[in-house]
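Everything below concerns the one structure shown next.
All values reported here derive from a predicted model rather than from experimental measurement.
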Amino acid sequence: MSATDTPEQPASAAAEAKPLPATPPAREYDRTGFYPPEGKKFRIWALLGWNVAIIVLFAIVAAIINNLALG
């Protein structure tokens, strides 16, 4: 007898579902540290500003090293 020859479950058995809990489970919050502490909003412009500052700092350091090495 193959898998296709097995009788299917009756519709009433398939329709039975577990009842939903009366109260939803407590929300789990992210604990990775990527989000700011409570009360502070995530500011995308501050993040982009820090990224630009780091890029500018690297460019200045690269220019100084270039002048020292080739100067």
Side-chain angles (χ1 to χ4, degrees):
M1 191 175 225
S2 68
T4 57
D5 296 336
T6 59
E8 295 182 16
Q9 292 181 348
S12 61
E16 290 180 22
K18 294 180 182 178
L20 295 175
T23 57
R27 181 179 291 184
E28 293 184 27
Y29 292 96
D30 181 33
R31 296 180 184 166
T32 60
F34 290 122
Y35 295 97
E38 283 186 36
K40 290 189 175 183
K41 293 183 179 179
F42 181 75
R43 294 186 175 98
I44 190 70
W45 293 112
L47 178 65
L48 292 175
W50 276 106
N51 286 340
V52 168
I54 290 171
I55 291 170
V56 168
L57 180 65
F58 281 154
I60 291 171
V61 170
I64 291 171
I65 292 173
N66 189 26
N67 285 335
L68 290 174
L70 298 178

Residue set satisfying side-chain contact (heavy atoms from CB on, under 4.5 Å) with V52, at least two apart, ordered chain then number -> V56
Contacts of I44 that satisfy side-chain contact (heavy atoms from CB on, under 4.5 Å) - sequence neighbours left out: F42, L47, L48
What distance separates L68 CG from I65 CD1, expressed to the nearest 0.5 Å? 7.5 Å
In the hydrophobic cluster built from side-chain contacts under 4.5 Å, what are the other members alongside I54? F58
